[in-house]
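Each remark here refers to the structure printed beneath this line.
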Amino acid sequence: MSQGLDGNGIVIVDDDDEFLSETKRLFEGSVPTARTLPDVQRQVEDGEVDLVILGPSFAHEGALEGVSALLEAVPDLAVVLVARTITAPLLRTAMRAGLKDVIEAPLTSPKVAEVLPHKEREPQVPAAPPPPAEPFETPQRDGKIITVMSAKGGSGKTVTATNVARLLADRHDPEGVVVVDADLQFGDVCLVLQLEPKLTIVNAAHELHRLDEALLQSVLTRHPSGLRVLAAPLEPAFADEISTGAMTQILAMLKGMFDYIVIDTASLLDELLLSLLERSDQVLFIVEMDLPSVKNAKLALETLRLLKFPFAKIQLVLNRSNAKARLDEREIERSLKLKIAAAIPSDGLVPASVNEGRPVVDSAPKSKVAKGFESVAELVLGDRSPSSGDGSRRRWR
Ligand SMILES: Nc1ncnc2c1ncn2[C@@H]1O[C@H](COP(=O)(O)OP(=O)(O)O)[C@@H](O)[C@H]1O
Ligand SMILES: [Mg+2]
């Protein structure tokens with residue numbers, strides 16, 4: 001293994017001698033080691049340490065408890081964990097403990113170089129291609145951002161977002177479509193697509209300072225169809241870790257990587273949603289045929305009107321259009337001052353497909369409800385908004 005990494009300010013902690021000696025070999029000079037977290041507490045408190053590398057013996061719940069004491073002493077301290085296998089529960093535990101990163105064993109110079117705080121990178125590490133001066137202004141692609149929203153939970157946003165994305169992947173290019181689960185507390189895009197994300201938007205937000213397209217791509221979860229998903233946090237508590245700024249930065253990068261970015265949202269007209277709308281080329285506004293749904297839709301649309309949101313971007317999608325307690329469609333259009341652009345009938349196939357983890361456009365492509373989703377996908381495919389591109393950062397207020 002080549003020498004060269006600056007070992008200053010680093011401590012390696014593990015109870016396995018082999019791990020300690022192999023890791024020490026990655027660094028120049030002598031790097032201190034310890035067997036337990038209390039053993040390094042003093043050095044940390046004295047301000048001698050800025051990176052703690054924990055070995056695989058810490059890769060389980062309970063073992064990371066002492067980390068918070070270290071971070072209390074030095075909040076800027078970077079603690080990383082080397083694990084033989086990275087599982088979702090381990091990532092959760094690591095995030096909760098405040099770790100900066102979890103690195104898959106074996107540890108190599110390039111992997112350490114990635115996490116070294118304010119240190120010179122090892123010269124042998126292959127240099128990344130020089131970043132463009134304005135990485136977000138010169139994307140290779142110029143994807144269309146489609147936000148699926150509604151003013152009431154359970155309206156069918158997630159089933160619409162996932163079915164439409166599946167259709168876009170089929171009709172267009174599976175590698176060119178990504179679903180962003182922006183329902184940060186209760187996102188269930190992965191659930192309805194039967195995906196088990198290893199990494200989520202939380203990982204992307206934590207790596208914001210060094211996020212590039214390759215890293216962001218590695219955070220995405222791949223559906224067997226090729227469609228990509230940026231998964232929501234695994235627990236509601238992590239939603240707070242995603243700032244609106246982080247979300248918009250991630251979105252700007254995805255716009256350069258994909259042709260269609262379909263955003264599933266929570267039914268919350270908050271700062272995050274407004275900021276997503278601001279960057280959207282098209283908005284699929286889902287409304288159901290019951291009174292509370294129409295009332296909430298009216299309130300939300302009035303708010304958007306007050307904010308001077310360009311209504312040409314909004315397309316009204318009626319879900320469960322054949323529901324029993326139906327209001328008159330013309331009445332809904334009059335009340336919302338928008339024409340219904342597409343309709344999805346109510347069908348027991350939808351909850352069945354959700355339980356099965358397969359979009360209904362895959363499990364029953366000939367059904368009426370699948371045709372309903374197709375009519376929504378047509379809206380997306382047929383309307384390449386002229387505002388995409390430079391308009392992505394324009395404020396409407
Ligand atoms: N057209 C439909 N027909 C039958 N059931 C539907 C339909 N649309 C949505 N559902 C069901 O309603 C529930 C809520 O849908 P979901 O997409 O999760 O809503 P949201 O994301 O807006 O909260 C799901 O269990 C889904 O199966
Ligand atoms: Mg949902």
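The chain is numbered in sequence order, starting from 1. Keep in mind that what you see is a predicted model, and the values were worked out from it rather than measured. In listed order, ligands and their atoms are each counted from 1.
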Worksheet item: Charged N to carboxylate O below 4.0 Å: is that the case for Glu104 and Arg84?
Response: no
Discussion item. Checking side-chain polar atoms at under 3.5 Å, does Glu213 have a donor or acceptor matched by the opposite partner on Gln217?
Written reply: no
Worksheet, complete the sentence: Ranked by distance from atom 19 (O) of ligand 1, the top protein heavy atom is Gly156 N, 3.0 Å
Response to the item:
Looking only at protein heavy atoms, what sits closest to atom 4 (C) of ligand 1 is Asp347 O, 3.1 Å
Worksheet item: Taking only residues two or more places apart in sequence, or in another chain, which ones meet Asp347 in a salt bridge (Lys or Arg N to Asp or Glu O under 4.0 Å)?
Response: none
Worksheet item: Does the Asp6 side chain pair with the main chain of Asn8, one donor and one acceptor, at a distance under 3.5 Å?
Response: yes
Discussion item. Below 3.5 Å, N or O to N or O, backbone or side chain included: is there any such pair between Lys157 and ligand 1?
Written reply: yes
Discussion item. Heavy-atom count check: over 12 atoms from other residues, nucleotides or ligands less than 6.0 Å from Arg42 CZ?
Written reply: no
Worksheet entry | Pro32: partners by side chain to side chain contact (heavy atoms under 4.5 Å, CB included), with sequence neighbours left out | Val11, Gln43
Worksheet item: Do you see a protein non-hydrogen atom under 4.0 Å from atom 25 (O) of ligand 1?
Response: no
Practice prompt. May I ask whether Ser353 places a heavy atom under 4.0 Å from ligand 1?
Written response: no
Worksheet item: For Glu356, does the CD atom sit with more than 12 other heavy atoms under 6.0 Å from it, leaving out its own atoms?
Response: yes
Worksheet item: Donor-acceptor pair, Ser155 side chain versus Lys152 backbone, under 3.5 Å?
Response: yes
Item to complete: Write out the residue and atom name of the closest protein heavy atom to atom 18 (O) of ligand 1, then the distance separating them to 0.1 Å.
Response: Thr158 CB, 3.9 Å
Response to the item:
atom 11 (C) of ligand 1 has as its nearest protein heavy atom Arg320 NH2, 3.5 Å
Worksheet item: Looking at side-chain heavy atoms only, is the closest gap between Arg320 and Glu288 below 4.5 Å?
Response: yes
Discussion item. As an exercise, identify every atom of ligand 1 less than 4.0 angstrom from a heavy atom of Val354.
Written reply: 27 (O)
Discussion item. Do Asp259 and Val177 make a side-chain contact, defined as non-hydrogen atoms from C-beta onward lying under 4.5 Å apart?
Written reply: no
Worksheet entry | Atoms in ligand 1 with a heavy atom of Ser155 nearer than 4.0 Å | 19 (O), 20 (P), 22 (O)
Worksheet item: If we ignore angles and hydrogens, is there a donor and acceptor under 3.5 Å between the side chains of Ser150 and Lys157?
Response: yes
Worksheet item: In terms of residue, atom name and distance, what is the protein heavy atom nearest to atom 23 (O) of ligand 1?
Response: Gly154 N, 2.7 Å
Worksheet item: Considering only protein heavy atoms, which is closest to atom 8 (N) of ligand 1, and at what distance to one decimal place?
Response: Asn319 ND2, 2.9 Å
Worksheet entry | Under 4.0 Å to a heavy atom of Pro351 - the qualifying atoms of ligand 1, by number | 4 (C), 5 (N), 27 (O)
Worksheet item: Which ligand 1 atoms are under 4.0 Å away from a heavy-atom of Val159?
Response: 8 (N), 9 (C), 17 (O)
Worksheet item: Should Asp281 and Lys255 count as an ion pair when the cut-off is N to O under 4.0 Å?
Response: yes
Item to complete: Could you say whether the N/O atoms of Pro345 and ligand 1 ever approach to under 3.5 Å?
Response: yes
Worksheet item: By side chain to side chain contact (heavy atoms under 4.5 Å, CB included), which residues pair with Ser243, not counting sequence neighbours?
Response: Ala246
Practice prompt. Could you grab the protein N, O or S atoms closer than 2.8 Å to the Mg ion (ligand 2) for me?
Written response: Thr158 OG1
